[in-house]
Amino acid sequence: MLQPPILSEILSEVPEVKAQWDIFFLRKNTFSFEGKDLRIEKQKKAHSAKFFIRIIKDKKVGYSYCIDKAQIKQAFETALSIAEVSDPDEFLSLPETAQIKQVEVYDEKLVSCIDGVSQFLISMQEAAFFDKRIKKLRNAQLTVEISEKGVLNSHGISLFQPFTSVTAHIIAVAEDKDSQMAWSYKAERFLKNLNFEKVGKEASQKALMLLNPKRLCSFKGMILFDPFVAVEFLELIAQSLSAENYQMGKSLFIDKIGKVVINGGLSIIDDGLIAERFGSTPFDAEGVPTSNKILIENGVLNMLLHNTYTANRAKTSSTGNAVRTDRGISVGPTNLYLEGEKKLTKKELIDMVDKGLYVIEVMGMHTANPVSGEFSVGVSGIYIEKGQFIHPVKEVVISGNVLDLFKNTVAVGDDLTFFGNIGSPSLLTEGIDISG
């Protein structure tokens, strides 16, 4: 890829400093559309830019950022003054240049038809009204982002990548003897990969499934997690796969590298090079190449996600998972997903349930403890008995430990689904405490 003018423009703003430095920048144009009553109600366009500066001098670091490249010199001065009063840290360093693999993350077709994308919001709404019990829709939204990011540093790294994304979100309300609300969401890099009608219909299907719920008596049983719910529990695991959290003692996996941590039939993978996937990127926020990494293989914890700093502390190499924030450098996944050895259809999974729940929504995941793994959350779904859906349920709480949940997962579906950059198939887990 030819070096775009923005890189030389930024480089021209960098002052002479006797220190190591890097700049990570992100610029994006956002086009958002909101719909109501089968029409486009609101349209907005926004532009944003951020230039993140890091200075390392005498093994001391300072961070700063600005929103205009004309402010880069001032941001350098701020970062340098912070570095001068910071404590030295022997593990601070910048990465060297390395070979970058290209990955498809830019959809020219999406860019060329932004004005027409709003019509997909209409089709998403229309698809939601496939049943007369769907009475209204809320928060029907479609967002398109055209962005570009890049990294430059004093070691010669000079990288640039444009990105596209399109996101659809909708809430449907079903009414019968009672009223139930459900939502659906999908985010993709390429327009061709997002089925707007399916998103609208999924929200309505969930709302209809939950109509006229009944109470349950408490019991311990099996739970079949819809992929969307499974992803929320996987996100909890993902926090513990960060080497940053591990080194701070905030991980479920302390002293468990090389040991069995989840069911032996499961693997968790992070791969930044999947074509057209939402979390894909050729390089991370430090300019380190991304790659495919099997973090947990057949239940055994192989490795963690690293940036340059955490890798130095662990005497290993960065995995290309640096994330830039206003406060500095962190660690995060690219495309993180779960796989199972044997994949079953949804019907086969349901047939395995003697007594349990099919969970399609979870409430209160923010209350789960990412360090201990303990959770107690509200769920909505369908009561299952002897492989048959019996009735919807309400006011149900499930509790346990997220590691036990994945250790007790007995089967997975053939429906691996990504929501943003996290993906999971349906999961069938046993031994869950279910309180009515």
Does a salt bridge link Arg324 with Asp22, judged by any charged N lying under 4.0 Å from a carboxylate O? yes
Are there over 12 heavy-atom neighbours, none belonging to Lys214, within less than 6.0 Å of that residue's NZ? no
Do Lys220 and Ile432 pass the side-chain contact (heavy atoms from CB on, under 4.5 Å) test, and can you show the C-alpha distance, the side-chain angles, and the key distance before you say yes or no? CA-CA 5 Å; Lys220 179 171 284 193; Ile432 299 290; 5.9 Å; no
Side chain to side chain contact (heavy atoms under 4.5 Å, CB included) with Ile237: which of Ile268, Leu338, Val261? Ile268
Do Lys149 and Phe283 meet the cation-pi criteria used here (NZ or CZ under 6.0 Å from the six-membered ring centre, within 45° of the axis)? yes
Quick check on Gln239: does its CD atom have over 12 non-hydrogen neighbours (other residues, nucleotides or ligands) under 6.0 Å away? yes
What residue among Val393, Val229, Val359, Ile223 forms side chain to side chain contact (heavy atoms under 4.5 Å, CB included) with Val379? Val359
For the ring-ring contact (aromatic ring centres under 6.0 Å, His included) test, which of Phe375, Phe228, Phe406 pairs with Phe233? Phe375
Quick check: do Leu336 and Leu241 have side-chain heavy atoms less than 4.5 Å from each other? yes
Is the cationic atom of Lys45 (NZ for Lys, CZ for Arg) positioned less than 6.0 Å from the six-membered ring centroid of Phe31 and within 45 degrees of its normal? no
Go through the steps to decide whether Lys186 and Glu202 satisfy the test salt bridge (charged side-chain N to carboxylate O under 4.0 Å, His left out), and finish with yes or no. CA-CA 11 Å; Lys186 194 70 173 172; Glu202 280 181 349; over 6 Å; no
Can you confirm whether the side chains of Glu297 and Ser267 place a donor and an acceptor under 3.5 Å from each other? no
Would you mind listing every ring pair (Phe, Tyr, Trp, His ring centres under 6.0 Å) that reaches into residues 96-116, with sequence neighbours excluded? none
Tell me if the NZ atom of Lys28 is crowded by more than 12 foreign heavy atoms within 6.0 Å. no
Salt bridge flag under 4.0 Å for residues Arg215 and Glu395: yes
Verify side-chain contact (heavy atoms from CB on, under 4.5 Å) between Met352 and Leu428, making sure each step is shown before the conclusion. CA-CA 9 Å; Met352 293 176 65; Leu428 181 60; 3.7 Å; yes
Evaluate the salt bridge (charged side-chain N to carboxylate O under 4.0 Å, His left out) criterion for residues Glu188 and Arg277: first the C-alpha distance (whole Å), next the side-chain angles of each, then the deciding distance (0.1 Å), finally the verdict. CA-CA 7 Å; Glu188 294 285 353; Arg277 184 58 61 201; 3.8 Å; yes
Basic-acidic side-chain contact under 4.0 Å: Glu9, Lys69: yes
For residues Phe52 and Phe25, establish whether the separation of their ring centroids is below 6.0 Å. no
Between the side chain of Asn307 and the main-chain N/O of Asn321, is any donor-acceptor distance below 3.5 Å? no
State, with a plain yes or no, whether a side-chain heavy atom of Ser291 is found less than 4.5 Å away from one of Asp271. no
State, yes or no, whether a side-chain contact exists between Thr334 and Asn421 at a heavy-atom distance under 4.5 Å. no
Between Lys109 and Asp107, does at least one N-O distance fall below 4.0 Å, as a salt bridge requires? no
Side chains of Phe418 and Asn335 in contact at under 4.5 Å (non-hydrogen atoms): yes
Establish, yes or no, whether the cationic atom of Lys355 lies under 6.0 Å from the six-membered ring centre of Phe219 and within 45° of the ring axis. yes
Cationic tip of Arg189 within the cone over Phe278's six-membered ring, i.e. under 6.0 Å and within 45° of the normal? yes
Starting from the C-alpha separation in whole Å, work towards a yes-or-no answer on side-chain contact (heavy atoms from CB on, under 4.5 Å) for Tyr383 and Ile434. CA-CA 11 Å; Tyr383 174 59; Ile434 302 167; over 6 Å; no
So, Lys50 and Asp326, do they make that salt bridge, N to O below 4.0 Å? yes
